[in-house]
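So that the names make sense, note that chain A is the first sequence line, chain B the second, and so on, each numbered from 1.
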Number of protein chains: 4
Amino acid sequence: MPENKQPKSPQKNPAARTKDPAAPPRNAVRRKGAVNAAPRRRGELLAVAAEVFAAQGYDATTVREIADAAGLLAGSLYYHFDSKESMLDEILSTFLGELWAGYDAVLAAGLGPRETIEALVTESFREIDRHRAAVAIYQKESRRLTDQPRFGYLADSQRRFEQAWLGTLERGVTAGVFRADLDVRLTYRFVRDTVWVAASWYRPGGQHSPEEIARQYLSMVLDGIATG
Amino acid sequence: MPENKQPKSPQKNPAARTKDPAAPPRNAVRRKGAVNAAPRRRGELLAVAAEVFAAQGYDATTVREIADAAGLLAGSLYYHFDSKESMLDEILSTFLGELWAGYDAVLAAGLGPRETIEALVTESFREIDRHRAAVAIYQKESRRLTDQPRFGYLADSQRRFEQAWLGTLERGVTAGVFRADLDVRLTYRFVRDTVWVAASWYRPGGQHSPEEIARQYLSMVLDGIATG
Amino acid sequence: MPENKQPKSPQKNPAARTKDPAAPPRNAVRRKGAVNAAPRRRGELLAVAAEVFAAQGYDATTVREIADAAGLLAGSLYYHFDSKESMLDEILSTFLGELWAGYDAVLAAGLGPRETIEALVTESFREIDRHRAAVAIYQKESRRLTDQPRFGYLADSQRRFEQAWLGTLERGVTAGVFRADLDVRLTYRFVRDTVWVAASWYRPGGQHSPEEIARQYLSMVLDGIATG
Amino acid sequence: MPENKQPKSPQKNPAARTKDPAAPPRNAVRRKGAVNAAPRRRGELLAVAAEVFAAQGYDATTVREIADAAGLLAGSLYYHFDSKESMLDEILSTFLGELWAGYDAVLAAGLGPRETIEALVTESFREIDRHRAAVAIYQKESRRLTDQPRFGYLADSQRRFEQAWLGTLERGVTAGVFRADLDVRLTYRFVRDTVWVAASWYRPGGQHSPEEIARQYLSMVLDGIATG
DNA sequence: AATGAATGAGGATTCATTCAT
DNA sequence: GATGAATGAATCCTCATTCAT
């Protein structure tokens with residue numbers, strides 16, 4: 001997942017193209033007002049699909065499994081979506097859209113490096129809480145999808161993500177807030193991964209709230225697990 | 001990946017059933033003496049298969065892609081292996097076998113909690129260095145495979161893995177070496193994930209040696225990234 | 001397309017069953033008074049359908065394409081028609097009905113062989129002018145449809161068509177108006193095809209009127225393209 | 001179908017790209033030496049497919065019908081061909097390749113206009129004799145395919161075809177061999193269509209040889225069917 | 001050891017059709 | 001008259017697997 005430093009710009013969000021409420025949906029031509037008329041059903045189906053994709057992996061999931069889980073026939077899904085891939089697309093782009101809304105707010109707040117990291121981590125766990133399935137899918141499928149033109153926004157997002165985190169870490173090192181003896185790039189990777197991998201075991205509504213997890217995680221990453 | 005505390009036991013290695021040199025290979029019926037005749041080719045093919053599986057995911061990989069990468073026709077692979085699944089099986093069990101050989105040595109050494117963690121992490125990065133593809137596959141496919149009887153050893157391994165890491169962390173807390181205010185289970189998950197996710201970006205022969213990466217990682221996890 | 005020699009007979013018109021204004025439409029059960037209520041809309045929709053069928057072929061045309069072209073949704077077509085096939089049926093039978101009305105008039109006029117041929121050709125080009133799409137569809141789909149019971153009238157029509165043309169040619173040979181050294185059957189085929197294939201390139205409202213084309217065509221067929 | 005006036009040139013034949021024996025077949029990547037190893041089977045299957053396409057139309061033909069007719073399972077066809085469409089492609093391009101070989105020979109012979117027309121017509125009926133199915137398919141599907149990039153060579157071929165025929169007719173008019181009072185373009189269309197539509201009723205091995213049919217046809221077209 | 005050809009069980013997708021509103 | 005949503009059968013195609021050579 002990417003990051004960005006620059007403040008709000010019109011086309012700032014790589015996924016915005018897709019989630020822009022004003023833009024017509026991908027398959028608007030085929031089913032003109034379908035989305036306007038019943039965005040609800042669409043959303044329900046996407047939630048179901050996301051759950052199944054997250055559990056089994058995109059390729060290992062058959063359209064029929066999604067349909068079964070949603071309570072209709074496989075062919076009926078094609079009334080709502082162009083293809084299995086377009087479901088994946090919409091799941092990911094919707095998630096990234098919301099993620100960047102949150103990130104951009106944090107990055108625009110003008111916080112210090114440590115506070116920025118804390119805010120980003122907290123925001124991340126909140127996103128995991130809201131979009132667990134999408135995050136898990138992102139984790140698993142991202143690498144392979146990045147090459148496909150259709151999913152170009154994944155690469156964009158990754159670039160911005162790196163800018164946001166790496167940049168903040170570097171600022172922190174310069175400011176003497178973070179240790180200078182660590183390889184920043186390596187640190188970035190560790191931090192990034194730890195945050196997002198949580199999606200693979202996190203269960204919303206469980207013992208820990210996202211904020212609680214974020215606090216524990218930050219405590220560990222910032223101060224270490226060793227005593228003294 | 002699992003853990004274990006108890007020293008070598010007869011059935012210690014969950015993957016032993018598969019890698020035990022004395023046991024006949026799964027597909028002995030079809031390829032009578034094939035394994036004896038050319039274990040080399042077999043290994044080469046498995047390496048190729050692992051690479052492709054890691055790059056594309058098991059389900060998204062076709063037998064023909066493996067064959068293409070290995071320079072023979074799809075059907076010819078079946079002279080060497082029973083099935084696509086048995087290639088996956090052999091890749092994972094071989095990896096786990098070697099992993100546990102290393103882990104068991106560490107766990108049997110009678111080190112203190114902190115030193116044990118350090119040794120486990122270092123050993124882990126060494127495994128990633130040697131079995132990058134297998135580790136990546138394990139990361140991606142593990143969850144789904146665990147349910148299948150054939151891959152029952154994955155669950156076993158996971159159990160032992162948890163015992164090893166969680167137990168060591170708890171021992172450390174008790175001994176006052178690790179902070180008591182952290183949720184041990186959460187800490188375990190963070191540590192576990194970060195280590196293994198590294199397989200997704202690690203490139204053998206790159207800038208950092210496994211030991212170097214382990215050192216940086218341990219420094220971060222043990223002492224935190226913040227100054228003071 | 002067929003022909004007939006005999007004058008008006010009760011069941012003369014093969015397509016009459018369908019177009020007979022007194023007979024209830026095929027799908028009377030479903031759309032009780034629909035036909036009475038809005039025969040206009042029905043005709044418009046059929047014209048649209050014919051155009052699309054002609055352009056893409058019956059099988060290659062989806063009901064949705066027709067609906068799109070007509071400005072309503074696919075399902076809505078079923079308020080007007082029983083099925084895609086019944087649209088095809090109605091298009092073809094309507095066309096054949098009108099065609100035979102014209103042909104029968106010519107054949108009943110008691111003209112000489114050459115004049116009969118001239119009149120039939122002219123009438124044919126007039127039909128092409130009025131029913132271009134239907135003729136094109138007939139050309140493309142006729143052969144395959146002939147076998148189906150529902151389209152039995154196509155075979156009837158073909159039979160009568162052959163009688164009309166072949167008979168006239170034979171009368172002409174006997175009368176010394178047409179050359180005796182030509183294979184009449186072969187000639188019939190050539191003449192028949194040339195006339196109707198014109199539907200594939202003819203564009204109503206273009207440079208040539210149907211009568212003009214008929215004249216040119218007759219000049220060529222009767223006198224040849226060579227000089228002297 | 002097109003024509004050309006210019007003598008043999010390297011890239012003269014629009015379909016050459018496809019039939020060039022030196023060029024690798026479309027799906028060479030997938031099944032390397034398949035074509036070299038067994039061009040026979042491939043040819044047999046194409047012949048079967050052509051027959052079914054001709055009888056039912058491309059769209060109305062299912063892959064299973066072809067397979068049934070060829071005595072194997074539907075999926076097995078995909079060992080030999082990439083897709084149903086690629087079968088169509090190969091059928092048409094092979095046919096056009098041979099057609100143009102014949103036409104080019106005629107056009108390069110330096111005959112007078114009347115003799116050229118005679119030779120072209122005769123050659124055409126020979127092609128119909130040899131490739132009846134392909135010609136029938138060409139007739140039915142050509143128009144719709146022309147738009148697709150993959151079948152761009154159909155448009156090329158049509159252009160050259162028009163050049164050859166129209167040009168020859170015009171030469172004949174100028175030379176006083178053909179009547180000047182006929183619309184050349186209209187004449188071209190009539191002649192073109194009649195020749196090729198013959199494929200829809202012609203049965204190889206029937207009463208008439210291609211040469212016999214050509215003679216009758218030429219006699220009719222050149223001198224007319226009327227006496228005196 | 002490897003090939004070429006085939007199998008057969010799915011899998012994604014299309015599409016004519018239905019029907020409650 | 002028309003819509004939105006769904007059905008279910010069929011279609012093209014993929015792919016792991018088999019096997020004679």
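Closest to the D:His80 side chain, of the nucleotides E:dT17, F:dA6, E:dA5, is E:dA5. When distances run from any side-chain atom of D:Lys84 to the nucleotides F:dC13, F:dA2, E:dT13, the shortest one goes to F:dC13. Between E:dT13, F:dA16, E:dA16, one nucleotide has an atom nearer to the side chain of B:Thr62 than all others, and that is F:dA16. Side-chain proximity of D:Arg41 to the nucleotides F:dA6, F:dT17, E:dA6 is greatest for E:dA6.
Between the CZ atom of D:Phe81 and the P atom of E:dA5 there is a distance of 11 Å, rounded to whole Å. We find that CD1 of D:Ile66 is positioned 15 Å from P of E:dA6, with the value rounded to whole Å. Atom CG in C:Asp68 sits roughly 12 Å away from atom P in E:dC15 (whole-Å rounding). The distance from atom OH of A:Tyr58 to atom P of E:dG11 is 14 Å, rounded to the nearest whole Å. Spacing between atom CG of A:Leu88 and atom P of E:dT13 amounts to 12 Å, rounded to whole angstrom units. Taking atom CE of D:Met87 as the reference point, atom P of F:dC12 lies 9 Å away to the nearest angstrom. Atom CG of D:Asp82 is separated from atom C1' of F:dT14 by 12 Å (rounded to the nearest Å). Here E:dC15 presents its P atom at 17 Å from CG of A:Leu77, a figure rounded to the nearest Å.
For the OP1/OP2 pair of F:dA2 and a distance below 4.0 Å, the side-chain nitrogens and oxygens of C:Tyr79 include no atom meeting the criterion. Contact check, D:Ser76 against E:dT7: a side-chain N or O comes under 4.0 Å of OP1 or OP2. Phosphate proximity of E:dT14 to C:Arg64: absent, as no side-chain N or O sits under 4.0 Å from OP1 or OP2. Contact annotation: A:Tyr78 does not reach the phosphate of E:dT14 (side-chain N/O to OP1 or OP2, under 4.0 Å).
Each of C:Ala74 and A:Ala74 was assigned the nucleotide of DNA chain E with the nearest heavy atom; the assignment lying further toward the 5' end belongs to A:Ala74. Summary of the strand contacts: D:Asp59 and B:Thr61 both lie near DNA chain F, and taking for each the nucleotide with the nearest heavy atom, the more 5' one is attributed to D:Asp59. The 5' end of DNA chain F is approached more closely, in terms of each residue's nearest nucleotide, by A:Leu73 than by the other of A:Leu73 and B:Ala60. Comparing A:Val63 and D:Leu45, the nucleotide of DNA chain E nearest to each residue sits closer to the 5' end for D:Leu45.
Listed for the A:Lys84 side chain is a donor-acceptor partner under 3.5 Å among the backbone atoms of A:Tyr58. Remark: the backbone N or O of C:Asp89 is not paired with any side-chain donor or acceptor of C:Ser86 at under 3.5 angstrom. A donor-acceptor contact shorter than 3.5 Å is absent between the side chain of B:Ser76 and the backbone of B:Leu72. A donor-acceptor pair is defined here as one N or O able to donate and one able to accept, closer than 3.5 Å; no such pair exists between the side chain of D:Glu141 and the backbone of D:Tyr138.
B:Phe81 has its side chain within reach of B:Leu45: a pair of non-hydrogen atoms, C-beta onward, lies under 4.5 Å apart. By the 4.5 Å heavy-atom criterion applied to side chains, C:Phe151 and C:Thr146 are not counted as neighbours.
Of all nucleotides present, only F:dA2 satisfies the Watson-Crick or G-U wobble test against E:dT21, with each distance under 3.5 Å. Figure legend. F:dT7 is base-paired to E:dA16; pairs are counted as Watson-Crick or G-U wobble with both atom distances under 3.5 Å. The partner of E:dA1 cannot be assigned: no Watson-Crick or G-U wobble pair with both contacts below 3.5 Å exists in any strand.
Nucleotides E:dA1 and F:dT21 place their P atoms 22 Å apart, quoted to the nearest Å.
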